[in-house]
Amino acid sequence: MKKITDERLILVNLKNIRIAFVCQTLGILATLFYTAFRSGADSAFQSPLFFVLIMTNLLLAFLQLRVTADAEETKRKRKKALPYYAYVLISLAVGAIIGTVAWTFDRQHPLSAWIIGIVFFVCFLASYSLMYFLKKKRSEDDDE
């Protein structure tokens, strides 16, 4: 198969992929709502479609981080960026707060509150780390 080199065709192809992704997401949401309506919310959350929906949206969010880091204007940049340990502390605080809230609502299962807090900590730390290193790489490229 020959690689597409025309920019107009590449943009049309990307629009087609975007439309297909939106239709797929709407179909998954409709199926999950139908399952929740017929069998209850627990069965919808335990469905593999829910896992697929969460994973694709998480992947899309991480891929968008790179676009937003590259599109950010240099004049809006902070004069002095926060050090990396500040991002670790912010992630730790978010994980602790979410874990505490989960423990408050479900005191019978403290292990699940720990797991929820750790998952939120890791997710926030991963996104902050990715954004920090993209900005650092961009600033190093600007200095050269």
Side-chain angles (χ1 to χ4, degrees), residues 1-106 109 112-144:
M1 211 168 144
K2 189 175 179 184
K3 186 175 180 181
I4 299 174
T5 57
D6 188 8
E7 290 181 13
R8 294 173 296 167
L9 293 176
I10 292 172
L11 288 176
V12 169
N13 194 20
L14 289 174
K15 287 180 184 178
N16 291 342
I17 291 171
R18 185 182 317 149
I19 291 170
F21 179 74
V22 167
C23 290
Q24 176 187 0
T25 303
L26 290 176
I28 290 173
L29 282 173
T31 305
L32 287 173
F33 281 130
Y34 178 75
T35 304
F37 181 73
R38 298 288 289 180
S39 305
D42 287 340
S43 63
F45 290 138
Q46 293 173 356
S47 171
L49 285 177
F50 183 72
F51 177 73
V52 169
L53 180 71
I54 295 299
M55 291 307 296
T56 54
N57 286 322
L58 184 66
L59 178 66
L60 180 65
F62 275 113
L63 292 175
Q64 288 290 63
L65 280 176
R66 177 172 222 161
V67 173
T68 57
D70 290 339
E72 183 180 292
E73 296 179 25
T74 56
K75 62 184 174 184
R76 291 180 47 187
K77 207 186 263 190
R78 284 185 180 166
K79 301 210 189 254
K80 186 173 181 178
L82 289 174
Y84 184 70
Y85 70 86
Y87 294 116
V88 173
L89 292 176
I90 291 170
S91 300
L92 188 62
V94 168
I97 290 170
I98 298 296
T100 304
V101 168
W103 181 68
T104 303
F105 287 116
D106 188 16
H109 304 288
S112 65
W114 275 95
I115 292 171
I116 291 170
I118 289 170
V119 165
F120 269 85
F121 167 70
V122 168
C123 289
F124 271 80
L125 185 63
S127 62
Y128 281 147
S129 298
L130 181 64
M131 200 66 167
Y132 176 79
F133 290 118
L134 285 174
K135 285 182 179 181
K136 184 178 176 182
K137 180 181 174 188
R138 183 172 178 218
S139 68
E140 288 174 357
D141 289 343
D142 288 343
D143 289 343
E144 291 176 359

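Computed over heavy atoms, backbone and side chain alike; hydrogens, waters and symmetry mates excluded. All of these numbers come straight from a predicted model, not from anything done at the bench.
- Considering OH of Y34 and OG of S39, their distance stands at 8.0 Å, rounded to 0.5 Å.
- Between the side chain of N13 and the backbone N or O of L9, no donor-acceptor pair lies under 3.5 Å.
- Relative ring orientation between Y132 and Y84 is described as tilted, the plane-to-plane angle lying within the 30° to 60° band.
- A 6.0 Å sphere centred on CZ of F133 holds more than 12 heavy atoms belonging to other residues, nucleotides or ligands.
- Remark: I28 CD1 to F50 CZ distance equals 11.5 Å, nearest 0.5 Å.
- One finds the CG atom of L125 at 11.0 Å from the CG atom of L130 (value rounded to the nearest 0.5 Å).
- For CZ of F120, the number of neighbouring non-hydrogen atoms (other residues, nucleotides, ligands) closer than 6.0 Å is 12 at most.
- With rounding to the nearest 0.5 Å, the separation of CD1 in I118 from CD1 in I98 is 14.0 Å.
- Note that CG of L92 is 10.0 Å distant from CD1 of I97, once rounded to the nearest 0.5 Å.
- Here CZ of F51 is found 9.5 Å from CD1 of I54. Values are rounded to the nearest 0.5 Å.
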